[in-house]
Each structure stands twice: as structure tokens, then as C-alpha cells.
A.B. asks: 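My questions will all concern the structure given below.
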Amino acid sequence: MPAKDALDVEKQLIFYGAYHSNPYNVAIHILCVPLLVWSALVFLAATSVPQAFPILTYSFNPCFALEFNWALLFASTYNIYYIVLEPVAGLLYVPQMTALLLSATAFARRSDAIKVAAYTHLFSCAMQFVGHGIAEKRAPALSDNVLGAAVLAPFFVHLEILFSLGYNKPLHRTVVKGSKVEIAMFRREKTQEQRVTKEALRKSDFIYGCDFLLSMRLASLN
């Protein structure tokens with residue numbers, strides 16, 4: 001997707017929605033994408049920071065803590081982008097991102113934090129590939145746009161829940177309609193590729209058959 005479309009919420013959501021139209025795949029993403037974000041925040045919270053970073057450490061309770069670290073910068077950057085894309089939905093996502101950030105920061109202090117986060121991350125990734133391979137029958141969006149898919153996934157899942165509750169119906173209709181157009185184009189291209197492949201195989205089989213008959217004919221003459 002062109003860089004100029006990075007702030008076009010409709011194009012971004014249509015792009016992502018074209019890869020996530022199957023309800024089972026969407027359900028898997030609703031469950032697993034927050035786990036991916038949380039585990040990524042654990043990794044970042046456990047990563048050492050430069051001395052230039054301001055010292056900020058505050059524990060709300062054993063499960064929630066705040067530090068000025070890479071996880072805070074990651075979460076802030078993502079949420080600012082979401083607010084720019086769609087202000088109301090972006091602001092509504094702040095509590096969820098805050099909960100993920102604070103819990104991940106506290107969890108990163110555990111001795112087994114990286115191990116647990118790694119298992120969580122791998123499980124969530126595997127489940128998404130299952131959703132795409134079995135339910136969606138289409139490669140994940142990251143196969144075409146790694147950055148866009150990685151950044152947009154949490155917000156798309158968030159909006160899927162909001163849309164189901166009746167949020168911004170005009171935007172929802174536009175995204176659904178645009179996604180259907182993209183899916184139809186993908187299927188036509190896939191059908192065309194399969195047709196070309198079958199034709200190429202038929203030609204190769206014909207050539208192979210002719211070569212075989214010719215070799216057999218020459219062998220009988222000798």
C-alpha cells in the first residue's frame with residue numbers, strides 16, 4: 001500500500017478487511033491479536049533502555065506498573081496513530097492499550113517473563129496462520145504489507161468489536177463493501193493464475209508425450 005494512504009482510514013481498513021472476512025478467522029484475531037500485543041510489550045519492557053531515558057517507575061499494584069521504557073514508546077506511538085486514523089475509535093482504544101502496557105510492564109519483572117511471553121507469542125502467531133489457512137484460505141496481510149498488517153491489526157480487531165456494537169455504521173458499510181471488491185479481485189486473479197498454470201501443465205504433458213513417442217519410434221527403428 002502506498003505511503004500516502006497511511007492516514008486514510010478507509011483504505012487501511014479495506015486493505016486489512018480483505019484478508020479478514022471469515023468470521024472464524026476474525027474471532028481468532030479478536031482473541032490472539034491482544035495477546036500478541038501484550039507479549040510484544042513484555043519483550044520491550046524487559047529490554048534495557050539508554051541512560052538518556054528519564055527515570056520513571058511507578059507500581060500501582062503487583063499486576064500493573066508504569067516505566068519510561070521501549071514498551072511505553074511503542075504503545076504511545078501505536079495509539080497516537082490510531083487516534084489520527086479515527087479519533088473516536090482511537091481514544092476508545094486507549095484504555096485497552098493502557099491495560100496491556102501496565103500489565104506487561106509489571107509482568108516483565110518476573111524471572112520467567114520472557115519464556116511465558118515467547119510461548120504466548122508463538123501460540124498466537126500459530127493460531128492466526130491456522131485461521132488464514134483453514135478458515136480464510138488466504139495468506140495473512142503481512143505477506144503483502146508487513147508494516148501495515150503489524151501496525152493495523154490491533155486497531156482492526158478493536159474496530160470489529162465496535163462495529164458489532166453499532167459504531168460508525170457508514171464507515172462499517174464502506175469497509176465491508178470495499179473489502180468485498182478486493183476479495184472478488186483476488187479470487188479472479190487466483191482463478192486466472194490457476195487457469196494459466198493448468199494450461200502450462202497441459203502443454204508440458206503434451207510435449208513430454210510427443211518426446212516419449214518419438215524416442216520410442218526411434219528405438220524401434222534401431
Side-chain angles (χ1 to χ4, degrees), residues 1 6 9 12-13 15-17 19-20 25-50 52-54 56-86 89-133 136 139-162:
M1 180 175 289
V9 64
Q12 289 289 339
L13 294 178
F15 161 77
Y16 200 83
Y19 292 81
H20 305 85
N25 190 32
V26 171
I28 289 173
H29 280 65
I30 289 175
L31 171 66
C32 293
V33 167
L35 292 176
L36 283 172
V37 174
W38 179 82
S39 56
L41 289 170
V42 172
F43 295 142
L44 291 170
T47 303
S48 59
V49 299
F53 276 33
L56 171 63
T57 302
Y58 184 83
S59 295
F60 297 92
N61 55 52
C63 298
F64 291 93
L66 177 65
E67 295 179 9
F68 195 99
N69 54 21
W70 295 114
L72 176 61
L73 295 179
F74 173 92
S76 300
T77 301
Y78 267 49
N79 229 134
I80 290 172
Y81 176 55
Y82 298 156
I83 291 171
V84 172
L85 266 183
E86 220 288 342
L91 288 171
L92 289 173
Y93 186 69
V94 171
Q96 181 178 339
M97 180 63 89
T98 301
L100 292 171
L101 170 65
L102 298 182
S103 62
T105 300
F107 192 85
R109 297 172 178 176
R110 292 176 38 160
S111 59
D112 62 345
I114 297 299
K115 180 180 179 180
V116 174
Y119 284 137
T120 302
H121 207 81
L122 290 173
F123 166 78
S124 301
C125 285
M127 286 301 297
Q128 290 191 83
F129 279 104
V130 168
H132 280 281
E136 198 75 43
L142 56 83
S143 62
D144 290 335
N145 186 340
V146 176
L147 182 61
V151 173
L152 200 61
F155 196 49
F156 181 83
V157 166
H158 171 63
L159 277 170
E160 278 290 326
I161 296 174
L162 291 182

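Position 1 is the first residue of the sequence; numbering continues from there.
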A.B. asks: Leu72: which residues meet the side chain to side chain contact (heavy atoms under 4.5 Å, CB included) condition with it, sequence neighbours left out?
C.D. replies: Leu66, Phe68, Asn69, Ser76, Leu101
A.B. asks: Tell me every residue that passes side chain to side chain contact (heavy atoms under 4.5 Å, CB included) with Tyr119, counting only those two or more places apart in sequence or in another chain.
C.D. replies: Lys115
A.B. asks: How many angstroms lie between atom CD of Gln96 and atom CZ of Phe155, to the nearest 0.5 angstrom?
C.D. replies: 11.0 Å
A.B. asks: Kindly compute the distance separating NE2 (His158) from CD1 (Ile30), expressed to the nearest 0.5 Å.
C.D. replies: 12.0 Å
A.B. asks: Do any pairs count as a salt bridge (Lys or Arg N to Asp or Glu O under 4.0 Å) and have a residue in residues 34-49, sequence neighbours left out, and if so which ones?
C.D. replies: none
A.B. asks: Could you list the residues that satisfy salt bridge (charged side-chain N to carboxylate O under 4.0 Å, His left out) with Glu160, not counting sequence neighbours?
C.D. replies: none
A.B. asks: Applying salt bridge (Lys or Arg N to Asp or Glu O under 4.0 Å), which residue pairs with at least one partner in residues 36-50 are found, sequence neighbours left out?
C.D. replies: none
A.B. asks: Could you report the tightest heavy-atom contact between Leu41 and Ala75, atom names first, then the distance?
C.D. replies: CD2-CB, 4.3 Å
A.B. asks: State which residues pass side chain to side chain donor-acceptor pair (under 3.5 Å) with His121; sequence neighbours excluded, sorted by chain then number.
C.D. replies: Ser39
A.B. asks: Which pair of non-hydrogen atoms, one from Leu152 and one from Gln12, has the smallest distance, and what is that distance?
C.D. replies: CD2-O, 3.1 Å
A.B. asks: Mind listing the closest non-hydrogen atom pair of Leu159 and Ala89 along with its distance?
C.D. replies: CD2-CB, 3.6 Å
A.B. asks: Could you go through the side-chain contact (heavy atoms from CB on, under 4.5 Å) check for Val157 and His20 one step at a time?
C.D. replies: CA-CA 10 Å; Val157 166; His20 305 85; over 6 Å; no
A.B. asks: For residues 57-64, which side-chain N or O atoms pair as donor and acceptor with protein atoms under 3.5 Å away, sequence neighbours left out?
C.D. replies:
unit_1	atom_1	unit_2	atom_2	d
Ser59	OG	Arg109	NH1	2.8
Asn61	OD1	Cys63	N	2.7
Asn61	OD1	Phe64	N	2.9

A.B. asks: Indicate the atoms forming the closest heavy-atom contact of Phe53 with Val49, along with that distance.
C.D. replies: CD2-CB, 3.6 Å
A.B. asks: Once rounded to the nearest 0.5 Å, what's the spacing between atom OH of Tyr16 and atom NE2 of His29?
C.D. replies: 4.5 Å
A.B. asks: If the condition is side chain to side chain contact (heavy atoms under 4.5 Å, CB included), which residues does Val42 pass it with, not counting sequence neighbours?
C.D. replies: Trp38, Ala104, Phe107, Ala108, Ala113, Ala117
A.B. asks: To the closest 0.5 Å, what do you measure between CD1 (Ile83) and OH (Tyr78)?
C.D. replies: 15.0 Å
A.B. asks: Enter the distance from Leu92:CG to Ile161:CD1 here, rounded to the nearest 0.5 Å.
C.D. replies: 11.5 Å
A.B. asks: Return the set of residues passing side chain to side chain contact (heavy atoms under 4.5 Å, CB included) with Leu44 (not counting sequence neighbours), or none when no residue passes.
C.D. replies: Trp70, Ala71, Phe74
A.B. asks: Got more than 12 heavy atoms from elsewhere within 6.0 Å of CZ, Phe123?
C.D. replies: no
A.B. asks: Distance check, rounded to the nearest 0.5 Å: Tyr19 atom OH versus Asn25 atom CG?
C.D. replies: 13.0 Å
A.B. asks: Please lay out, stage by stage, how Leu36 and Gln128 fare under the test side-chain contact (heavy atoms from CB on, under 4.5 Å).
C.D. replies: CA-CA 10 Å; Leu36 283 172; Gln128 290 191 83; 2.5 Å; yes
A.B. asks: For Thr105, which residues count as a side chain to side chain donor-acceptor pair (under 3.5 Å) partner, sequence neighbours excluded?
C.D. replies: none
A.B. asks: Which heavy atom of Ile28 sits nearest a heavy atom of Met127, and at what distance?
C.D. replies: CG2-O, 3.5 Å
